[in-house]
There are 2 protein chains.
Amino acid sequence: MSFKVSAENALLGILMTGPKHGYDLHGYVSTKMNQFWDLSMSQIYALLKRMERNGVVVSQEEWQENRPAKNIFSITQKGKERFLRWVSTPVEHVRDVRIEFLAKLFFVRKLHLKEGLTLIDKQIDVLQEKLRVIENLKEKITDEFETVLYSFKASQTTAALNWLRECKASFSQDQKKGIG
Amino acid sequence: MSFKVSAENALLGILMTGPKHGYDLHGYVSTKMNQFWDLSMSQIYALLKRMERNGVVVSQEEWQENRPAKNIFSITQKGKERFLRWVSTPVEHVRDVRIEFLAKLFFVRKLHLKEGLTLIDKQIDVLQEKLRVIENLKEKITDEFETVLYSFKASQTTAALNWLRECKASFSQDQKKGIG
DNA sequence: TTTAAAATATTCCAAATTGGAATAAGAATC
DNA sequence: GATTCTTATTCCAATTTGGAATATTTTAAA
């Protein structure tokens with residue numbers, strides 16, 4: 001999953017909250033998602049152009065009196081489907097948790113999607129399998145540097161798994177509160 | 001520290017073991033460093049060209065009978081100094097440990113550099129400070145998602161610190177063995 | 001009050017990066 | 001013998017990158 005695809009989906013996620021123009025999207029990322037995501041103005045416009053070509057957004061120019069005209073982008077049905085598929089798919093690697101998985105979690109919460117617990121469970125499954133593979137490899141290697149390397153991978157994966165279990169616990173509490 | 005600078009320094013590190021041509025450098029990365037580093041053939045040649053412009057390597061064409069000519073690259077004194085500065089500098093973020101710090105550790109061991117323990121100590125200091133900042137911020141936030149976010153950062157940083165301490169222990173043993 | 005800086009909103013721009021393919025011939029495999 | 005792989009480097013075109021440019025209004029600073 002390349003950064004480009006994730007970035008498109010993040011913009012789709014923001015547009016799930018309502019139509020926005022490029023400058024506004026940039027403001028949203030810079031203020032509400034800045035702790036785990038960064039997109040330059042150029043990137044946003046380049047992404048939006050390609051996204052419109054791909055039919056996941058449509059734009060409408062809006063004239064205003066004392067300011068440059070805005071190009072308001074709205075998400076299409078195709079865009080919604082694509083976003084929902086993305087947001088409910090676990091990331092493949094620990095290294096993708098810090099940005100991509102956190103973005104998914106952000107949108108799950110922000111949009112009150114019911115896929116939250118499922119996403120976390122699926123993510124736990126993916127990382128447990130990764131950990132199993134790592135521990136397996138660890139037993140087979142003899143080179144000292146490789147031992148260090150896989151030890152690092154194992155420790156990061158274990159920490160991520162523990163964190164995910166915490167997420168699951170606090171998310172379950174949120175769901176209960178929702179019912180009450 | 002951008003990927004480009006790290007990649008240049010990794011190539012310098014390989015050239016510390018002796019002169020090599022581009023194709024050979026690619027082979028080295030693909031076989032001996034492939035678990036934590038990946039460089040395409042294009043990237044290698046683009047990097048080498050820039051590095052020669054910057055005076056950290058020099059090249060000499062070597063004709064061979066049944067094969068295309070090779071361009072053998074050697075590291076300059078300037079290149080050595082740059083490499084040694086890089087290899088003894090801790091990385092700034094946890095996210096840089098998985099590639100850049102591991103590369104530094106790889107070269108420290110491969111080249112029997114005496115900077116190993118110092119590097120690990122310095123890296124521990126950097127990450128402890130990071131952890132302090134994270135824990136500090138954690139106490140100040142009220143937003144639930146941010147709590148989750150910083151909890152993740154803290155857990156990854158803690159795991160990396162624990163791993164570094166293990167590295168330090170096993171590296172100290174290596175040093176003792178060296179004396180004996 | 002005047003001047004300077006920031007905001008609004010999008011496009012422009014040129015250098016760098018990317019992910020192969022191309023090149024030509026020998027060596028290895030089927 | 002035919003096919004595929006290896007050797008070694010350059011070529012290539014699309015994409016990405018990191019701002020600047022644009023023109024005007026609004027806001028902040030002097």
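- Mapping A:Gln64 and A:Ser42 onto DNA chain C by nearest heavy atom places A:Gln64 at the nucleotide closer to the 5' end.
- Checking side-chain atoms of B:Lys70 against main-chain N and O of B:Tyr23 turns up no donor-acceptor pair under 3.5 Å.
- In the model, A:Thr118 has no side-chain atom that pairs as donor or acceptor with a side-chain atom of A:Glu115 under 3.5 Å.
- Each of C:dA9, C:dT17, C:dA27 was ranked by its minimum atom distance to the side chain of B:Arg67; first place goes to C:dA27.
- Atom NE2 in A:His26 sits roughly 12 Å away from atom P in C:dT8 (whole-Å rounding).
- Residues B:Val57 and B:Ile14 are members of one and the same hydrophobic cluster, defined by side-chain heavy-atom contacts under 4.5 angstrom among Ile, Leu, Val, Met, Phe, Trp and Tyr.
- Taking all atoms of both residues into account, the shortest heavy-atom contact from A:Ile44 to A:His26 is CD1-CA, 3.3 Å.
- Closest-nucleotide positions on DNA chain D for B:Asn71 and A:Met41 were compared, and the one nearer the 5' end corresponds to B:Asn71.
- In this structure, the ring of A:Phe145 has its center less than 6.0 angstrom from the ring center of B:Phe36.
- At most 12 heavy atoms of other shown residues, nucleotides or ligands fall within 6.0 angstrom of atom CD in B:Gln60.
- In this structure, B:Glu65 places its CD atom 14 Å from C1' of C:dA27, rounding to the nearest Å.
- When the P atom of C:dA15 is taken as reference, atom NZ of B:Lys49 falls 16 Å away, rounded to whole Å.
- When distances run from any side-chain atom of A:Tyr45 to the nucleotides C:dG19, C:dT17, C:dT10, the shortest one goes to C:dT10.
- Here CG of A:Leu164 is found 12.5 Å from CZ of A:Phe171. Values are rounded to the nearest 0.5 Å.
- The base of C:dG19 is not paired with the side chain of B:Ser40 by any donor and acceptor separated by under 3.5 Å.
- Atom CG in B:Leu39 sits about 12 Å away from atom P in C:dG19, given to the nearest Å.
- First and last contacts of DNA chain D with chain A, using any nucleotide atom under 4.0 Å from a protein heavy atom and ordered 5' to 3', fall at D:dT16 to D:dT26.
- In this structure, the helix from C:dT1-D:dA30 to C:dC30-D:dG1 shows an angle of 30° between the axis at its start and the axis at its end, each fitted on 5 base pairs and rounded to 10°.
- Side chain of B:Trp163 to main chain of A:Leu149: no donor-acceptor pair is present (N/O by atom type, distance under 3.5 Å, no hydrogens or angles).
- B:Ala69 comes within 4.0 angstrom of sugar-phosphate atoms only, judged by non-hydrogen atoms across all strands, and of no base.
- The CG atom of A:Leu25 sits 12 Å away from the C1' atom of C:dA9 (whole-angstrom rounding).
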Salt bridge (Lys or Arg N to Asp or Glu O under 4.0 Å) assessment of A:Lys104 paired with A:Glu100: CA-CA 6 Å; A:Lys104 293 180 186 190; A:Glu100 197 182 337; 3.5 Å; yes

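- Nearest-nucleotide positions on DNA chain D place A:Arg50 closer to the 5' end than the other of A:Arg50 and A:Asn66.
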